[in-house]
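Notes follow the structure.
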Amino acid sequence: MRTALILLFLLAVAAIPGSLLPQKSVSIEEVQQFVLDHPTVGPWLDRVWGYEVFSSPWFAAIYLLLFVSLVGCILPRAGEHWRAVRARPPAAPRRLDRLPEHAPARPVDGAPATVAAAVAAALRSGRWRAVARQDETGEWTVSAEKGHLKETGNLLFHTALIAVLLGVAVGSWYGWHGNRLLVAGPDAGFCNTVQQYDEYSLGPRVTGAELPKFCLELTDFLAEYHDSGQPSKFRATVAVDGDGSPRRTRTFSVNDPLRLGDANVYLFGNGYAPTLRYTDRYGRQQTSATTAFLRVDDALTSEGAIKFPDANLNPATGERDPKSQVAFEGLYLPTVPASPPFVRSAHPAERLPGIMLWAYRGDLGEDAGIPGPVYQLDKSRVESGQLKLVGAEPRLLRAGESWTLDDGSKVEFLGTRQWITVSVRHDAGQELVLVGVGVIVVGLMFSLFGRRRRVFFRLAEGAAGASAVTAGGLPRTDYAGFAEEFARVVAAVAPARADTVPDQRERDGRDGVVAGSADAGGTGT
């Protein structure tokens, strides 16, 4: 048990990095940004699975060892508990006055055998496990015990903990998840295939062909903020089709995921995707595919890049100078401050939107078909001079404004669409984990509030056809209310004759003896 507790503590400690560091299974964008912000320690954390804590080998080793330890702890304890529940209560000790609680002899009408049977029956009606027997001297005794639910609760708790670990393992084997940045509009929807996710992970027992079939299109996104900039409400509306059902509209929010069969769609983040229209020096207009800008602060100040690789195509020859491609880096501000510097939005809502643009001209390097950065320009090309900055200063454009460059070309800021980050996932072990957690709570209640205790009665021949009944009680765990319960049990199952009820002075003396014995603690049996 000590080993299991140490491993449980280690499991809790090992989970701390998963709470403090961004995780790839939740937001790959936050992981990438963290690595950029911490160029020294960021790559090392990736090597030791710092961004995949809960699927890392060292985390798995801890919970597998905990699983083995719990099994080794539970099996012998379960056998011992089963034998204890089926066993008869132990025989009454010879000296009941040495127990923590005891009551002196009192006369009860009836022969010892009859009274013992009546006492045992009364205890059983109070849900005590009671047995009447004769000891080696021929004297009748009654032994009773109660509170086995405490150990039952302990075993339930630890067994349910194993169920939770099994649920986590099943979820790891048969579960899957994928993250996608979803821009509003019919041209930016996606279907549930691994090829269309920005980042995904499949369990060892899952293939891409087994993912449920459906498609999502973001049709509306509502974000409300307080005047302080704190968010108050997020709600996304999507169109769902492709799953064999008619196209339908569904709404979900941060704490209310969208449930599509075995898949749950969670809302994790939001931002803005600006749209630019570029008119090259030949007069040809090109409207960008709306490009998501990644947020850099809580005010939704966002940065990104919009590229026009087909700009400046000569209409006479149909050829393009590879050094005449155009791209823009931008800093989007949902609410432009009243005065410079324009480096941070004054509010996350689009109250006065604007975008700071830096123009570049040159070879974007996309003709070679080599994958490059999506949300920013290739800095190596800027440093090598293959992409050159146009103009010394950036330009702030508000919605509907334009900027004419040095070669006569023009860029216009048309507005924005909103985007959300969704995580689509299926956890095959979540039902088992839920049941396990419920049983853990029940077992914990039994364990915390269960009280193991025993009471004993000795019956001797008394005068005038009565029996002298002596009682003693022993709590097996800390139980502050045992003295009161013991007194109630004795009064209920072995009531004294009316003509032998002690006067007030005798009761006071008896109470002093009982209280003193309880304070002294007793030695038990």
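Computed from heavy atoms alone, side chains included, the values below leave out hydrogens, waters and symmetry copies. Treat the numbers as computed from the prediction; the structure is a model and nothing was measured.
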Exercise. Taking side-chain contact (heavy atoms from CB on, under 4.5 Å) as the test, write out the residues that go with D478, two or more places apart.
Key: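 In terms of side-chain contact (heavy atoms from CB on, under 4.5 Å), with neighbours along the sequence ignored, D478 is linked to no residue.
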Quiz prompt | Which residues share a side-chain contact (heavy atoms from CB on, under 4.5 Å) with A428, sequence neighbours left out | solution =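 By the side-chain contact (heavy atoms from CB on, under 4.5 Å) rule, A428 matches V170, Y174, H426.
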Quiz item: Partners of Y197 by ring-ring contact (aromatic ring centres under 6.0 Å, His included), sequence neighbours excluded?
Solution: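 F190.
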Self-check item: Residues which pass ring-ring contact (aromatic ring centres under 6.0 Å, His included) with Y360, listed by chain and number, not counting sequence neighbours
Solution: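 Once residues adjacent in sequence are excluded, Y360 has no partner under the ring-ring contact (aromatic ring centres under 6.0 Å, His included) criterion.
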Only distances under 3.5 Å count here; give the side-chain donor-acceptor pairs of residues 253-269 to other protein atoms, sequence neighbours excluded, each with its distance to 0.1 Å.
from	atom 1	to	atom 2	distance (Å)
R259	NH1	N264	OD1	3.4

Quiz item: Which residue pairs satisfy the salt bridge (Lys or Arg N to Asp or Glu O under 4.0 Å) criterion with at least one member in residues 306-318, sequence neighbours excluded?
Solution: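 Residue pairs passing salt bridge (Lys or Arg N to Asp or Glu O under 4.0 Å), neighbours aside: K307-E366, D310-R320.
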Practice problem: Hey, can you tell me if F308 and F328 have their rings parallel, tilted or perpendicular (30° and 60° cut-offs)? | Solution: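 Perpendicular.
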Quiz item: What residues, two or more places apart in sequence or in another chain, satisfy side chain to side chain donor-acceptor pair (under 3.5 Å) together with Y375?
Solution: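 Result, side chain to side chain donor-acceptor pair (under 3.5 Å) vs Y375: none returned.
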Could you give the side-chain donor-acceptor pairs of residues 201-224 under 3.5 Å, partners two or more places apart or in another chain?
from	atom 1	to	atom 2	distance (Å)
E210	OE1	T207	N	3.3
E217	OE1	R247	NH2	2.6
T219	OG1	T237	O	3.0

Self-check item: All salt bridge (Lys or Arg N to Asp or Glu O under 4.0 Å) counterparts of R452, not counting sequence neighbours
Solution: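 Testing R452 for salt bridge (Lys or Arg N to Asp or Glu O under 4.0 Å), a comparison that skips the adjacent residues, returns E145.
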Exercise. Scan for disulfide (SG to SG under 2.5 Å) pairs involving residues 16-70, sequence neighbours excluded, and state none if there are none.
Key: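 Applying disulfide (SG to SG under 2.5 Å) to every pair that reaches into residues 16-70, excluding sequence neighbours, yields nothing.
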Quiz item: Strictly by modelled atom types, are T152 and H81 linked by a side-chain donor-acceptor pair under 3.5 Å?
Solution: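 Indeed, the side chains of T152 and H81 share at least one donor-acceptor pair under 3.5 Å.
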Side-chain donor-acceptor pairs of residues 333-343 under 3.5 Å, sequence neighbours excluded:
from	atom 1	to	atom 2	distance (Å)
T335	OG1	H347	O	3.3
T335	OG1	A349	O	2.6
T335	OG1	R351	N	3.3

Residues 429-451, side-chain donor-acceptor partners within the protein, below 3.5 Å, at least two apart:
from	atom 1	to	atom 2	distance (Å)
S447	OG	N154	OD1	2.6
R451	NH1	L448	O	2.8

Quiz item: Has the side chain of Q286 got a donor or acceptor atom that lies under 3.5 Å from a matching backbone atom of D280?
Solution: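 Not confirmed, Q286 side chain does not pair with D280 backbone.
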Quiz item: Quick check: does any side chain N or O of S345 sit under 3.5 Å from a backbone N or O of P348, one acting as donor and the other as acceptor?
Solution: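 No; judged by distance alone, with no hydrogens or angles, the pair does not exist.
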Exercise. May I ask you to check whether F293 and Y332 place their ring centers less than 6.0 Å from one another?
Key: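 Distance test on ring centres: not under 6.0 Å, no.
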